[in-house]
Colleague: 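Before we start, here is the structure in question, set down as structure tokens.
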2 protein chains.
Amino acid sequence: MQEDPVIFVVDDDPSICQSLTWLIESVGIKVETFPSAAAFLKRHPHDGPACLLLDVRMPGLSGFDLQNQLAAAGRIIPIIFITGHANVSMSVRAMKAGAVDFIEKPFEDQTLLDTLNQSLEKDRQAKREQAEKREIKQRLGSLTAREREVFKRVVAGSLNKQIAFELGTTERTIKAHRARVMQKLQMRSLADLVRLAVKAGIGLKK
Amino acid sequence: MQEDPVIFVVDDDPSICQSLTWLIESVGIKVETFPSAAAFLKRHPHDGPACLLLDVRMPGLSGFDLQNQLAAAGRIIPIIFITGHANVSMSVRAMKAGAVDFIEKPFEDQTLLDTLNQSLEKDRQAKREQAEKREIKQRLGSLTAREREVFKRVVAGSLNKQIAFELGTTERTIKAHRARVMQKLQMRSLADLVRLAVKAGIGLKK
DNA sequence: TCTCATATTGTACTAAAGTACAATATGCAT
DNA sequence: ATGCATATTGTACTTTAGTACAATATGAGA
């Protein structure tokens, strides 16, 4: 159904990559390593749950740069920074930008593994919700412009006759549109339709 | 309508309290200072937008202790730590526990003021949503046990006859309950009722 | 030109919900 | 005992929504 979890390690130091790989694979989780931020950006986004172990200081793009670029590209992935030489302002900056954790070397293996598992679980959940939202948007996309208008008003609680008046047509026509909306969106009750709209974020703005 | 914004400063060093007060009052925001975490906990919770400037190291309860106690008590308030002697693990711990920022002394006045204003704005929004939720829960509390059962099923999309069967009563009775639910909750359409239920977090579990 | 998706509309019926004007029953607190 | 909140139920009517079986109109694209 869903792909296996993967931990991505981005660090210019091969020995770090190697030891992290050993550690994480020892508990049965897949690992992929990248020697630079640029290399990771080239990789095709992973569909399954994932987590990024990231060094701050690297030649070329820094860990922060990668964090920003991923965020800008909408590639949401939990990031755990691991670094040897850090200061408070660096860690605060990383955390404010959404990092899950910021770990100094040396660290306890078990601590990292615990954080990793928590992050994977959260990512699993986030991916599920993301997939659901995509699914909903897709079905919403199958509506015609007119149907969408009717949909919005039905969900807002308008009566068919009110909608008909607003759209300058007859109640009978609204019934036709409404029936098609219910069919296309595979909803069986108004309550379900409203919940779908809420999930899709319709009706929030004003 | 709503109380004025207030910045709370908790620091055992009176000179810090004094200088922060001068700085913040210079831009027209009220300040209240406390020499200890315990002193702050005694204060009556503030209804308007607020923000807490908190020292980490203090005699008695530490800044972290205060942060945890506030969280445990459900007193949500944006916290900005200000400290002179910090390390990475302290700052990460604070940020993971939900702090808005973690600032080392010395700092730029304007930086603090900017963060302060952002935090106040977020808190304003959070308080608004919190008040709305309270309002909803209050109205839901005015329902009788039976009415709540009907409410849940209506919102789930059941027909009156189905609800009647499930509750072992007649459709006519359900209509009566349903009408009272709509009246008590001041909702005029099923769509509104469903949205209310979603906001109240009903129908999530299971 | 012909087809297809889309929008529109009609009639007539059924199903569901809402409403008006009720009455009855039960249990708890004063 | 009496009042009050709550739950229950009835009849009858109106309003909405849904559905079956349609037809018509229009514009875009093959």
Side-chain angles (χ1 to χ4, degrees), chain A residues 134-203, chain B residues 134-203:
Chain A
R134 253 201 315 273
E135 229 284 297
I136 291 176
K137 296 226 167 175
Q138 172 131 15
R139 271 188 282 171
L140 244 37
S142 75
L143 298 183
T144 68
R146 202 57 161 171
E147 284 162 359
R148 221 184 319 280
E149 286 302 311
V150 174
F151 169 66
K152 277 166 49 183
R153 287 168 171 79
V154 166
V155 156
S158 299
L159 299 181
N160 284 347
K161 62 167 57 172
Q162 293 172 324
I163 301 173
F165 177 77
E166 284 176 41
L167 299 184
T169 181
T170 67
E171 193 180 337
R172 180 64 191 80
T173 304
I174 300 305
K175 284 188 181 182
H177 287 314
R178 189 166 174 162
R180 237 166 299 130
V181 167
M182 293 299 280
Q183 187 196 23
K184 281 187 178 180
L185 300 184
Q186 303 169 51
M187 294 292 117
R188 279 170 312 168
S189 72
L190 175 56
D192 290 337
L193 195 72
V194 173
R195 262 191 297 274
L196 185 85
V198 171
K199 276 187 195 162
I202 289 176
Chain B
R134 252 202 313 275
E135 229 283 297
I136 291 176
K137 297 225 168 178
Q138 172 133 18
R139 270 188 284 171
L140 283 180
S142 75
L143 298 183
T144 67
R146 202 59 158 169
E147 283 162 0
R148 220 185 319 278
E149 287 302 309
V150 173
F151 169 66
K152 275 165 53 182
R153 288 169 170 77
V154 166
V155 156
S158 298
L159 300 181
N160 284 347
K161 59 167 62 173
Q162 295 173 324
I163 301 173
F165 176 76
E166 285 177 41
L167 299 184
T169 181
T170 68
E171 192 180 338
R172 180 60 191 82
T173 304
I174 300 305
K175 282 188 181 181
H177 287 314
R178 190 166 175 159
R180 238 166 300 134
V181 167
M182 293 299 283
Q183 187 197 23
K184 282 187 177 179
L185 300 183
Q186 303 169 50
M187 293 293 118
R188 277 170 315 169
S189 71
L190 174 56
D192 289 337
L193 195 72
V194 173
R195 262 190 298 276
L196 185 84
V198 171
K199 276 186 196 162
I202 289 176

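Here is how names work: the chains are called A, B, and so on, in the same order as the sequence lines, proteins then strands, and each is numbered from 1. The shown structure was predicted, so the numbers you read here are calculated from the model rather than taken from an experiment.
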Colleague: Quick check on DNA chain D: between A:Asn160 and B:Lys175, whose nearest nucleotide comes earlier from the 5' end?
Modeller: B:Lys175
Colleague: Is a side-chain N or O of B:Lys199 found less than 3.5 angstrom from the main chain of B:Ile136, in a donor-acceptor match?
Modeller: no
Colleague: Tell me if the side-chain of A:Arg172 makes a donor-acceptor pair with the base of C:dT11, cut-off 3.5 Å, by modelled atom types.
Modeller: yes
Colleague: Roughly how many Å is it from NZ in B:Lys184 to P in D:dA5, rounded to a whole number?
Modeller: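 Atom NZ in B:Lys184 sits about 11 Å away from atom P in D:dA5.
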Colleague: Just how far, in rounded Å, is P of D:dT8 from CD of B:Glu147?
Modeller: 10 Å
Colleague: Please state how far atom CZ in B:Arg180 lies from atom P in D:dT6, giving the value in whole angstrom units.
Modeller: 9 Å
Colleague: Taking atom P of C:dT6 as reference, at what distance in whole Å does atom CZ of A:Arg148 sit?
Modeller: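 Answer to the nearest Å: 11 Å.
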Colleague: Without decimals, in angstroms, what is the distance between B:Leu159 CG and C:dT14 P?
Modeller: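 Spelled out: CG on B:Leu159 to P on C:dT14 is 18 Å.
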Colleague: Are the side chain of B:Arg148 and the backbone of B:Leu140 linked by a donor-acceptor contact shorter than 3.5 Å?
Modeller: yes
Colleague: Could you state the atom-to-atom distance from NZ of A:Lys161 to P of D:dT15 in whole Å?
Modeller: 8 Å
Colleague: Report yes if a side-chain nitrogen or oxygen of B:Thr170 is closer than 4.0 Å to either non-bridging phosphate oxygen (OP1 or OP2) of D:dT8; otherwise report no.
Modeller: no
Colleague: Assuming nearest nucleotide by heavy-atom distance, tell me which of B:Thr144 and A:Ser158 is located more 5' along DNA chain D.
Modeller: B:Thr144
Colleague: Please give, in whole Å, the distance from C:dA16 C1' to B:Glu171 CD?
Modeller: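 That distance rounds to 7 Å.
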Colleague: Would you give the length of the straight line joining atom OG1 of B:Thr170 to atom NZ of B:Lys161, rounded to the nearest 0.5 angstrom?
Modeller: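 Atom-to-atom, B:Thr170:OG1 and B:Lys161:NZ are 13.0 Å apart.
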Colleague: For residues B:Val155 and A:Arg195, report the shortest heavy-atom separation together with the two atoms involved.
Modeller: O-NH1, 2.8 Å
Colleague: Looking at D:dT8, C:dA7, C:dT8, which one has an atom nearest to any side-chain atom of B:His177?
Modeller: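 When the side chain of B:His177 is considered, D:dT8 is the closest of D:dT8, C:dA7, C:dT8.
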Colleague: Nearest 0.5 Å, please: how far is CZ in A:Arg178 from CG in A:Leu190?
Modeller: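 Spacing of CG (A:Leu190) from CZ (A:Arg178) equals 6.0 Å.
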Colleague: Distance check needed: C:dT19 C1' versus B:Gln183 CD, whole Å only.
Modeller: 13 Å
Colleague: Under 4.0 Å, heavy atoms only, any strand: does B:Arg188 hit a base, just the sugar-phosphate, or nothing?
Modeller: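 Since no nucleic acid heavy atom lies under 4.0 Å of B:Arg188, the category is nothing.
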